[in-house]
2 protein chains.
Amino acid sequence: MKAASLRARVRAEMTEEIKTVAKRHLAEEGANLSLRAVARDIGMASSAVYRYFASRDELLTALIIDAYDSLGAAAESAAAGGDAFARRWIDTGHAVREWALARPHEWALIYGSPVPGYAAPRDTVTSAIRVILALGGIVAEAHAAGALPDGEPLAEPLAPEARSVADVLAPGLPPQVAFRALGGWLQLCGAISAELFGQLQNTVEARREFLEFQMRGTLAWIGLEVTP
Amino acid sequence: MKAASLRARVRAEMTEEIKTVAKRHLAEEGANLSLRAVARDIGMASSAVYRYFASRDELLTALIIDAYDSLGAAAESAAAGGDAFARRWIDTGHAVREWALARPHEWALIYGSPVPGYAAPRDTVTSAIRVILALGGIVAEAHAAGALPDGEPLAEPLAPEARSVADVLAPGLPPQVAFRALGGWLQLCGAISAELFGQLQNTVEARREFLEFQMRGTLAWIGLEVTP
DNA sequence: GCCACACCGAGAGCACTGCTCTTGACGGCG
DNA sequence: CGCCGTCAAGAGCAGTGCTCTCGGTGTGGC
């Protein structure tokens with residue numbers, strides 16, 4: 001085999017190094033990632049970076065995919081716990097929050113305001129939906145185990161769209177349950193963004209407890225019994 | 001009087017024109033506001049703009065305050081309706097969403113990822129809290145009218161902070177009610193950001209209905225009876 | 001084994017950015 | 001009326017994303 005020729009391998013290594021340095025710059029400097037600075041840090045000409053990423057946006061896209069995958073893995077691992085369903089949801093929420101606190105700029109990259117002319121390519125979606133799939137999976141499991149009331153069906157314009165979402169999560173899942181799970185994820189996402197983007201400054205300091213307070217409300221809405 | 005000398009008046013007009021053109025650029029071009037382009041559009045040298053705003057960040061701060069005030073006014077006007085409390089909350093939520101849809105980049109400016117080295121000065125907070133005050137006011141009124149159950153008290157670390165928030169909204173408001181209102185606002189904010197930032201793409205098209213679906217869940221959590 | 005080809009790094013250069021400093025000119029207050 | 005403070009403008013600095021061209025080098029086909 002040896003399909004990876006020497007040239008292809010050093011190219012892969014170089015690509016990885018650029019991404020690594022870019023992530024470090026993102027963590028240290030903030031959102032305005034400078035391609036030239038990354039190149040300078042590696043020790044090569046800025047123009048050489050363009051051999052690996054056609055543009056700054058393409059580099060950002062690669063970082064976005066990595067971030068989605070990293071967050072998705074963290075969420076999946078937290079969601080896989082053997083506890084009660086509600087407990088698993090809460091644990092996953094805390095895991096997502098901690099991931100975000102450790103990499104605030106990567107969180108901003110994926111859930112903050114989109115960069116100017118940037119439109120997420122199709123490649124990102126499979127990585128992007130991992131965390132919602134993990135959360136939705138908990139709800140779907142709970143429903144399959146009979147631990148979740150169906151709730152009242154949805155009105156007209158929402159029902160068919162909710163059905164599509166439900167079919168992705170688990171065949172036979174009631175649409176309204178799927179939409180509650182989706183809404184629950186958006187709430188979690190919004191709460192974490194609010195903390196990270198400074199909206200809670202001088203208002204709430206016990207952030208972890210406040211997030212759990214909100215998640216308990218969410219779970220009650222979804223219909224998952226939550227034990228203290 | 002005539003405290004506003006001719007010089008001071010043309011200065012105020014110039015300041016306003018810069019802000020107006022900057023807002024237009026923001027709406028057309030996107031987040032990366034160029035001070036030079038604004039100056040070019042007005043027809044003056046870029047260096048002259050610095051007579052009015054010491055830096056690009058200061059211009060952004062002015063735009064942020066304007067955005068907060070504009071959104072706050074929209075929310076206050078929607079929240080003032082004479083309908084049932086739940087209806088007023090929902091109407092306010094829709095008003096906030098429509099404001100955001102009409103000015104997506106201004107929304108991103110205030111609720112999206114913060115700009116790199118930027119820290120919101122103290123001047124912004126009075127404008128920033130107007131919308132949460134409007135929403136919290138509805139809840140406080142409902143509680144005063146006896147239309148809202150107290151719910152169970154908060155556990156230790158949250159209680160004192162919730163008390164401070166409650167005191168701002170209305171004297172005597174139970175802390176847990178205030179925190180539910182705050183959480184409800186964060187949910188609303190997160191849901192709108194999710195729509196604007198593209199998280200619902202190819203998933204939910206009936207955005208207005210989906211937002212209302214989520215708000216009804218929020219209101220049930222807060223304890224406000226919502227009639228269909 | 002060799003050689004053309006594809007790839008790669010470096011440098012110069014373009015158009016743009018935020019921001020500073022200096023130079024004149026003009027308006028308004030004492 | 002004079003003069004001080006404010007103003008617009010231009011040049012300039014350091015930085016950015018990106019393109020192009022130029023030599024050098026690994027690689028696959030003959």
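Quick caveat, the model's predicted, so the values are computed rather than measured. Numbers restart at 1 for each chain; the letters A, B, ... are given by sequence-line order, proteins then strands.
Between the side chains of A:Thr218 and B:Trp221, no donor-acceptor pair is found at a separation under 3.5 Å.
The CG atom of B:Asn32 sits 10 Å away from the P atom of C:dT17 (whole-angstrom rounding). Going from atom CD1 of A:Ile18 over to atom P of D:dG17 covers 13 Å, rounded to whole Å. Atom CG of B:Leu59 is separated from atom P of C:dT17 by 14 Å (rounded to the nearest Å). Whole-Å rounding puts the A:Met14 CE to D:dG26 P distance at 15 Å. One can place NE2 of B:His25 at 14 Å from C1' of C:dT17, the figure rounded to the nearest angstrom. Rounded to a whole Å, the CD1 atom of A:Ile42 is 15 Å from the C1' atom of C:dC8. Here the P atom of nucleotide D:dG17 and the CG atom of A:Leu35 are 5 Å apart, to the nearest Å.
In the set D:dA8, C:dT17, D:dA9, C:dT17 carries the atom at the smallest distance from any side-chain atom of B:Ser34. Which of C:dT17, C:dT20, D:dC22 sits closest to the side chain of B:Tyr50 comes down to C:dT20. For B:Arg56, taking side-chain heavy atoms from C-beta onward, the closest of the listed nucleotides C:dC16, D:dT19, C:dG18 is C:dG18. In the set C:dG18, D:dC18, D:dA8, D:dA8 carries the atom at the smallest distance from any side-chain atom of B:Ala48.
Side-chain N or O atoms of A:Arg24 include none that pairs as donor or acceptor with a backbone N or O of A:Thr20 at under 3.5 Å. Remark: the backbone N or O of B:Asp69 is not paired with any side-chain donor or acceptor of B:Ser127 at under 3.5 angstrom.
Using a 4.0 Å heavy-atom cutoff across all strands shown, A:Leu33 reaches sugar-phosphate atoms only and no base atom. Heavy atoms of A:Phe53 sit nowhere under 4.0 angstrom from any nucleic acid atom.
Here A:Glu76 pairs with A:Arg130 in a salt bridge; the nearest charged N to carboxylate O distance falls below 4.0 Å.
Put simply, A:Arg11 has a side-chain N or O that comes within less than 4.0 Å of OP1 or OP2 on C:dC8. Note on A:Arg40: every side-chain N or O is 4.0 Å or more away from OP1 and OP2 of D:dA14.
Side chain A:Ser47 to base C:dA10: a donor-acceptor pair is found below 3.5 Å. Remark: the A:Arg36 side chain and the D:dG17 base include a donor-acceptor N/O pair separated by less than 3.5 Å.
Of the residues near DNA chain C, A:Arg51 and B:Arg51, the one whose nearest nucleotide (by heavy atom distance) lies more toward the 5' end is A:Arg51.
Every residue meeting the side chain to side chain donor-acceptor pair (under 3.5 Å) condition with B:Arg88, not counting sequence neighbours, appears here in chain and number order: B:Glu141.
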